[in-house]
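Below is one structure, written out as structure tokens; comments come after it.
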Amino acid sequence: MDGTELAYASPSEISAAIERLAAAPRLLVVSDFDGTLADFATDIYAVAPHPDAVTALERLATAPDTAVAVLSGRHLEGLKKVCPMSENVIFAGSHGAESSAGGIELTPTMREHLESIGAQLEALHRTYPHTAIEVKPYQRVFHTVALAQHDPELAAEALRQAAALDAEGFPDVVVGKNIVEYSAAEVNKGKWITAERADFAADAVVFLGDDTTDETGFRVLTGDADLGVKVGDGATAARLRITDRQAVADFFGALATARLARLGR
């Protein structure tokens, strides 16, 4: 679906969607972190999830026949550092390569690729001030958010050059909001959601996300029972669009109330 054709959802549309989800026999609730539960910051650890969203997700995680997950591009350790929640909530980092149940083992070839791409990104980092390199177990990420605040045009050029590096036959580069990411593992949020749906035997899945990396998740949601929710602007495969982090907190809060009421809790 073209994002230009997807308007922001009305309150009645959101309420109807929540009621359908609340009625699912087994429900999987998945949320992205950055830009969805939390705002962005130049210091990637100087962020915190919306407290009302945390409360709502924690409530949902206690409901019978309901699984709740935070699925992020952040590495698992870093995600847990900025998103403190109970053990009832599933954490999946590195777009699903790492999770509470374990992760993918890096081969020597994968390690060599990460070293090679990391060196190329470091060269760009030395060329462009106010950029940063994030080292994750399965990815190397080039960040330009601080540079964009000083010089948006220069930041765009830095992103363009970062995205043009040779991926050496590994998965395609991912370009997001002020980031370019190279991965040594063929994982994405869609694959993780598909696997988790099967493991949990979910009858319905709802996934909220805001960035291009979330589109793989939206695309695996099929049928009337599932729902992808895009947060903010941009082309998307999601079926519903909401405005911002407060809208996310409101959505999860309403879903928790409706789900628990359906279950007599």
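Only heavy atoms go into these numbers, but all of them, side chains included; no hydrogens, no water, no symmetry mates.
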Evaluation steps, salt bridge (charged side-chain N to carboxylate O under 4.0 Å, His left out), between Asp210 and Lys230
CA-CA 5 Å; Asp210 75 301; Lys230 170 75 171 181; over 6 Å; no
Check the pair Tyr128 / Glu157 against side-chain contact (heavy atoms from CB on, under 4.5 Å), numbers first and verdict last.
CA-CA 10 Å; Tyr128 291 96; Glu157 175 59 20; 3.5 Å; yes
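Contacts of His130 classified as ring-ring contact (aromatic ring centres under 6.0 Å, His included), with partners at least two apart in sequence or in another chain: His150. Taking Pro25 as the reference, Asp203 meet the side-chain contact (heavy atoms from CB on, under 4.5 Å) condition, with sequence neighbours excluded.
Lys177 and Asp34 are not joined by a salt bridge, as no carboxylate oxygen comes within less than 4.0 angstrom of a charged side-chain nitrogen. Between Lys136 and Glu181 there is a salt bridge, since at least one side-chain N of the basic residue sits less than 4.0 Å from a carboxylate O of the acidic one. Asp226 has no carboxylate O lying under 4.0 Å from a charged side-chain N of Arg239, or vice versa, which leaves the two without a salt bridge.
At most 12 non-hydrogen atoms from other residues, nucleotides or ligands lie less than 6.0 angstrom from CD of Glu186. In the displayed structure, Asp224 atom CG is contacted under 6.0 Å by at most 12 heavy atoms of other residues, nucleotides or ligands. For Glu77, the CD atom sits in a loose shell: 12 or fewer heavy atoms of surrounding residues, nucleotides or ligands are nearer than 6.0 Å.
When every heavy atom of Leu28 is checked against every heavy atom of Ala202, the shortest pair comes out as CB-CB, 3.9 Å. Taking both residues in full, the closest heavy atoms of Thr216 and Lys189 are given as OG1-N, 3.4 Å, listed atom of the first, atom of the second, then distance. Shown here for Leu255 and Ile18, the closest heavy-atom pair between the two residues is CA-CG2, 3.7 Å.
Each of Leu165, Leu159, Thr144 was checked for a side-chain contact (heavy atoms from CB on, under 4.5 Å) with Val180, and the lone residue meeting it is Leu159. Put simply, the residue from Asp250, Asp39, Asp32 that forms a salt bridge (charged side-chain N to carboxylate O under 4.0 Å, His left out) with Arg245 is Asp39.
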